[in-house]
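Structure record follows, encoded as structure tokens.
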Amino acid sequence: MLDIQLIKNEPDFVKQAMLNKGEKDTSVVDLLIETDRKWREMVQRADQLRSQSNSMAKDIGKLMGQGKKDEAQKIIEQTGAMKAEIKQLEEAEKELSAERTSLLLRIPNVPHESVPVGHTEEDNQTVFTHGDTSAPEWLKPHWDFCAEKGWIDFERGVKVSGAGFPFYLGGAARLQRALINYFIDTAIGKGYTELQAPYMVNEDSARGTGQIPDKEDMMYTVPRDQFFLIPTAEVPVTNFHRNEIFEHSELPVQYVCYTPCWRREAGSYGKDVRGLNRLHQFDKVELVKFVKPSESYNALEQLREDAEYLLKELGISYRRLLMCTGDMGFTQTKKYDLEAWSPGQKRWLEVSSCSNFEGFQARRMMVRFRDENGKIETLHTLNGSGLALPRVMATILEQYQTPEGRLTVPEVLKPYFGGVSYLD
RNA sequence: GGAGAGAUGGCUGAGUGGUCGAAAGCGGCACCCUGCUAAGGUGUUAUACCCUUCCCGGGUAUCGAGGGUUCGAAUCCCUCUCUCUCCGCCA
């Protein structure tokens, strides 16, 4: 959520940001400001009354201690009406506070000034392209290639779980495991701390990163135990520090975390879901940073650079998009997408998304730091995939095919294959 | 899964209805003392929110969470969560 001060001080600025993000109705801003005003008024009245009541109770205590029961009794008689009034005010306060919070949660994050204003993916800027995007005729889409090799079993996945839950076997399984290790090892080398996290989280955590109340439909649930299966490692990793205060000397804190991810992906069908393009369960290595506000945009570029490094080293052709205001999502201020070239499908596949959230997540989760002057401030959070496995797999399974139907092991992965050069 | 014990500030740990946001110790920070080191002295040291706002300051809430009793709750009652010990089970 945004800082309420910003909304109160510059409502028009916030409204314009909402419009740029594609929200049509900005009336929530005025509604919030008005609700906030009413809430503060109620808080003041309730606090004042409680203060009175507290001092009366203290007086009673004093008189009782001195054995002046009659005088005490007189004061007690005065407290009756007050009690009822406090209760009433507290209820009103609670209601207004809930209303205020829910309005606040409906206002999206404000895009950074360097982000292009736009409405659709047409308006995203392709800021960088790396590698060639040729597509030899003999090259097969990864699903056909893997079917021949017996490397991915979608049918048995359907039998055992359902669509979107494939089995990987043999070379594909080994390739995926190697990639995971390569991603994690590289991140560790760049100063990230490896974290292994729970795959199920409780309601508070889902709320902390904003999956609920808004996006509950994206997650699988375990109703009996009130767990949510994580849709991304961002959820457990960011919540890891929920309600905590860092010392400025501890920042930045950077994690790399591999987890499977589960997404219901309700309503997505068609050619987009062919093969490994879109799954209900997939693996991802996530990079998460907690940084001082003054450093977050540098940290974003570094994060993006760290993710791109993996693609470059793997020899994968990719492009980098700077997402426009309308295509970037509710919580981000600036976001880059990295898309790998899939020569078998002749299309780009999103393999990473690197975002700065500024204080949007941290404020909601109460993650703060004590600055050089001892003042407590909201810090900034960032995250990005480094990388999402299935689409990287798809790309490699296509780009590294040989005309003889073998798969070349990418150079940087060879250490994970005992020096083997081809997978058959 | 069964039985019992417990949850207090950064940590240890007192506190069983009244001036308790909470003793004491440790740790942290500031200053003083000290030739250096070690030790010592004084003070300070939770978080959120509201008001004020240059600073200072004032108020409210919080002793695992939520509810209740009471003029008044860390303290009494109810529900939940978590931790520990023993038994059972188990990778």
Side-chain angles (χ1 to χ4, degrees), chain A residues 1-9 32-105 196 198-208 212 222-228 236 239-251 253 260 359-379:
Chain A
M1 60 189 185
L2 283 177
D3 185 353
I4 183 98
Q5 294 307 331
L6 175 72
I7 299 169
K8 285 200 305 200
N9 295 341
L32 170 63
I33 291 172
E34 177 58 14
T35 306
D36 177 70
R37 193 188 58 72
K38 285 194 218 156
W39 169 75
R40 281 183 294 120
E41 194 181 299
M42 202 57 74
V43 165
Q44 281 174 53
R45 285 171 61 192
D47 279 2
Q48 195 186 6
L49 213 56
R50 269 189 294 248
S51 174
Q52 269 178 46
S53 152
N54 284 346
S55 76
M56 282 161 97
K58 272 181 189 170
D59 290 345
I60 293 168
K62 240 180 251 177
L63 291 169
M64 296 291 240
Q66 296 165 359
K68 298 177 181 166
K69 292 226 169 81
D70 292 348
E71 285 181 47
Q73 192 54 42
K74 269 186 208 159
I75 303 177
I76 289 174
E77 277 158 22
Q78 292 170 27
T79 57
M82 208 170 193
K83 242 187 122 179
E85 200 183 343
I86 289 178
K87 196 155 196 169
Q88 217 176 359
L89 288 177
E90 276 177 349
E91 263 162 44
E93 182 190 336
K94 218 166 160 180
E95 217 168 284
L96 283 167
S97 165
E99 174 71 5
R100 175 182 178 269
T101 306
S102 96
L103 290 171
L104 196 48
L105 292 177
Q196 293 182 347
Y199 298 163
M200 291 190 266
V201 297
N202 60 30
E203 221 177 283
D204 284 345
S205 298
R207 189 169 293 111
I212 53 176
V222 184
R224 180 166 175 172
D225 299 288
Q226 297 183 298
F227 285 133
F228 297 88
N239 275 284
F240 185 59
H241 290 298
R242 169 151 47 91
N243 252 311
E244 292 184 11
I245 301 173
F246 288 95
E247 293 302 324
H248 64 89
S249 56
E250 294 175 301
L251 300 175
V253 169
F360 200 78
Q361 289 182 326
R363 208 167 289 116
R364 175 195 274 236
M365 274 192 290
M366 297 272 287
V367 190
R368 296 146 292 164
F369 78 105
R370 217 182 302 273
D371 70 14
E372 287 79 353
N373 302 314
K375 200 171 151 244
I376 289 168
E377 284 185 64
T378 301
L379 51 68

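Order of the sequence lines fixes the chain letters, A, B, ..., with proteins taken first and strands second; residue numbering starts at 1 for each chain.
For RNA chain B, the residues of residues 91-103 of chain A within the heavy-atom distance limit of 4.0 Å (strictly under) are K94(A), sorted by number. Residues from residues 34-42 of chain A with heavy atoms under 4.0 angstrom of RNA chain B, sorted by number: W39(A), R40(A).
Interatomic distance, CG of N239(A) versus CG of D204(A), reported as 8.5 Å (0.5 Å rounding). For the atom pair R364(A) CZ and L105(A) CG, the distance stands at 4.5 Å (nearest 0.5 Å). Rounded to the nearest 0.5 angstrom, R363(A) CZ and D3(A) CG are separated by 5.0 Å. One distance of note links CZ of R100(A) with CG of D36(A); it measures 4.5 Å at 0.5 Å rounding. How far CZ of F360(A) is from CE of M365(A): 11.5 Å, rounded to the nearest 0.5 Å. Note that the CG atom of L63(A) and the NZ atom of K69(A) stand 11.5 Å from one another [nearest 0.5 Å].
Across all strands shown, I60(A) has heavy atoms under 4.0 Å from base atoms, whether or not it also approaches the sugar-phosphate. When heavy atoms are screened at a 4.0 angstrom cut-off, M82(A) is found touching no nucleic acid atom at all. If you check every strand for non-hydrogen atoms under 4.0 Å, R45(A) touches nothing. If you check every strand for non-hydrogen atoms under 4.0 Å, N54(A) touches sugar and phosphate atoms only.
Side chains of N54(A) and S51(A): a donor-acceptor N/O pair is absent below 3.5 angstrom, by distance only.
The span of RNA chain B lying next to chain A, judged by atoms under 4.0 Å from heavy atoms, is bounded 5' to 3' by rG18(B) to rG72(B).
When all heavy atoms are compared, the tightest approach of T378(A) to A362(A) is CG2-CB, 3.7 Å. Minimum interatomic distance between H241(A) and V253(A) (heavy atoms only, all atoms of both residues): NE2-CG1, 4.2 Å. The two residues L379(A) and F369(A) make their nearest non-hydrogen contact at CB-CD2, 3.7 Å.
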Contacts table for residues 82-97 of chain A: side-chain donor-acceptor under 3.5 angstrom, sequence neighbours left out:
| unit_1 | atom_1 | unit_2 | atom_2 | d |
| --- | --- | --- | --- | --- |
| E90(A) | OE2 | R50(A) | NH1 | 2.5 |

Per-pair distances, 0.1 Å, donor-acceptor, side chain in residues 73-80 of chain A, under 3.5 Å, sequence neighbours excluded:
| unit_1 | atom_1 | unit_2 | atom_2 | d |
| --- | --- | --- | --- | --- |
| T79(A) | OG1 | I76(A) | O | 2.5 |

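A gap of 32 Å separates the C1' atoms of rU69(B) and rG58(B), to the nearest Å. The P atoms of rG28(B) and rC89(B) are separated by 48 Å, rounded to the nearest whole Å. Across the P atoms, rC31(B) and rA48(B) are found 26 Å apart, a figure rounded to whole Å. One C1' atom belongs to rC50(B), the other to rG68(B), and the distance between them is 27 Å to the nearest Å. The P atoms of rA22(B) and rA46(B) are separated by 10 Å, rounded to the nearest whole Å. As rounded to the nearest Å, rG21(B) and rG59(B) have P atoms that lie 12 Å from one another. To the nearest whole angstrom, the two P atoms, one in rC55(B) and one in rU60(B), are 23 Å apart. Spacing of P atoms, rG25(B) relative to rA65(B), comes out at 27 Å, to the nearest Å.
Environment of CD in E244(A): crowded, with over 12 heavy atoms of neighbouring residues, nucleotides or ligands closer than 6.0 Å. Heavy-atom neighbours of R45(A) CZ from other residues, nucleotides or ligands within 6.0 Å: at or below the threshold of 12.
Sequence order on RNA chain B of the closest nucleotides to Q5(A) and S51(A) puts Q5(A) first from the 5' end. When the nearest nucleotides of RNA chain B are assigned to A46(A) and I245(A) by heavy-atom distance, the more 5′-ward of the two goes with I245(A).
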Fill in the blank from the handout: For RNA chain B, the expected dot-bracket line (Watson-Crick or G-U under 3.5 Å, [ ] crossing, | inter-strand) is ((((((((.[[[..)..(.....]]]((((((.......))))))((((((.....)))))).[[[[[..)....]]]]])))))))....
